[in-house]
Amino acid sequence: MLKTLTAYTTEVDDEQIAIDEIKEQLDLERNLRANSVGIIACHYEFVLSGVAKALCEALPFDVVGTISAAQSVPGNTDIMNLTLMVLTSDETEFSTALTESLTDGAAEQSVTDGYKKAANGKSEKPALIFAFGAFIPGNFGDQYEDALSKVSGDVPVFGTLAVDDTPDFSHSYMLYNGEEYRDKFAVILVYGDIKPKFFYANVDLDKILGSSGVVTKSAGSVLMEVNDRPVIEYFESLGLVNATEHQYAMSSLPFLVDYKDGTPLVSKLFIMLTPEKYAVCGGVVPEGSSITLATENADDILSTTGVSLDELDSALANASGVLVYACISRLLTLGAKPFLEMNLVEGKIKERVPFLTVYSGGEFCPTQVVESKAANRFHNNAFIACVF
């Protein structure tokens with residue numbers, strides 16, 4: 001049986017006070033079982049002050065996670081906080097690994113090697129992979145997801161890329177046992193008789209703009225042509241040229257990608273236009289896929305999240321915990337009321353099971369799982385939830 005614990009602290013300066021607060025909430029002497037792992041999310045100030053490192057060193061298990069712009073556990077929702085989810089069990093086992101650097105073209109190989117290191121000595125496949133990465137300009141999460149899917153044999157992958165609340169995301173660290181990394185990735189492999197369920201939301205289909213277009217030329221995350229015409233002409237056909245001249249407006253234009261393989265649509269974001277008027281996206285947009293643009297406001301965010309929460313409600317009856325990641329773009333769209341989405345999660349789950357909700361710089365979540373094989377995807381602008 002898997003047991004889930006959560007704890008938080010807002011003490012960013014005094015290491016011992018923070019440690020005492022977390023340990024008191026976890027009550028490890030009473031709750032800890034043979035195998036345990038921690039998932040952490042915190043504001044970057046907890047790293048700079050040394051509190052995050054001191055806490056991880058004080059805990060008797062591996063702790064993996066990311067910096068985030070805001071996070072929530074039962075009893076606390078805030079920006080300037082540190083949150084921790086602990087999974088502990090006598091039957092379920094956990095194995096973690098930190099990769100080498102993902103820069104200089106080494107992303108796929110480093111992630112592959114990291115998985116192999118975590119899986120070393122195991123004869124069976126894991127039931128679930130939790131994945132955590134730093135935000136690295138020039139890299140995209142599809143690389144990591146593809147590598148994990150290939151090396152694991154399509155084990156479900158769920159997780160996040162780090163994001164902070166600075167203008168240039170300069171503190172978007174991945175965290176592994178108290179150390180921060182700007183160029184690495186980490187995994188938690190979960191072994192045992194667990195059956196995770198996945199839920200996600202992206203855009204309101206009633207807010208679709210115009211018709212879809214076929215991607216006829218792209219290079220990774222750079223979109224060059226749609227319907228055999230320059231992508232800027234596609235924007236012109238939708239009346240969006242003015243929006244594309246401004247980065248904020250462009251990043252508020254989510255779009256759906258149809259991979260043409262029978263799997264559900266995945267949301268991505270535009271990031272910016274290059275001097276050549278190519279569109280840089282938040283993930284890979286492969287040639288042959290089709291894209292459909294949409295608009296989005298705060299009400300749309302809350303509506304799509306509410307639908308996803310209604311869908312997962314029935315899965316809570318036999319659950320031990322819920323881990324949620326939501327794209328930072330959703331928080332930004334909420335404007336002056338940034339906690340509304342996290343409040344929806346707390347209102348739906350209430351005290352039935354422990355949960356952790358974290359804002360994300362890109363989301364890893366399967367869109368479907370068939371016969372133990374997952375269609376893993378890297379999302380932008382998504383709300384994703386794993387019930388286990």
Sequence neighbours excluded, every pair satisfying ring-ring contact (aromatic ring centres under 6.0 Å, His included) that has a member inside residues 33-78: Y44-H171
Any donor-acceptor N/O pair, S172 side chain to D164 backbone, under 3.5 Å: yes
Any donor-acceptor N/O pair, E24 side chain to L26 backbone, under 3.5 Å: no
Side-chain H-bond candidate by donor/acceptor type, T112 with Q109, under 3.5 Å: no
Y259 six-ring centre to R377 NZ/CZ under 6.0 Å and within 45° of normal: yes
Side chain to side chain contact (heavy atoms under 4.5 Å, CB included) partners for E276, two or more places apart: T274, Y278
For Q143, side chain to side chain contact (heavy atoms under 4.5 Å, CB included) partners two or more places apart: A107, E108, N139, F140
Side chain to side chain contact (heavy atoms under 4.5 Å, CB included) involving A131 - partner list, sequence neighbours excluded: L148, V157, F185, F364
Aromatic ring pairing F158/Y325, orientation class (parallel under 30°, perpendicular over 60°, tilted between): tilted
Derivation of the ring pair (Phe, Tyr, Trp, His ring centres under 6.0 Å) call for Y144 and F378: CA-CA 9 Å; Y144 316 147; F378 177 67; 7.7 Å; no
All pairs passing salt bridge (charged side-chain N to carboxylate O under 4.0 Å, His left out) where residues 330-357 contributes a residue, at least two apart: D310-K348, D313-R352, R330-E341
Partners passing side-chain hydrogen bond (donor to acceptor under 3.5 Å, both in side chains) against N376 (at least two apart in sequence or in another chain): S149
Ring pair (Phe, Tyr, Trp, His ring centres under 6.0 Å) evaluation trace for F388 with F198: CA-CA 9 Å; F388 46 85; F198 306 97; 9.7 Å; no
Main-chain N/O of S89 paired to T92 side chain as donor or acceptor, under 3.5 Å: no
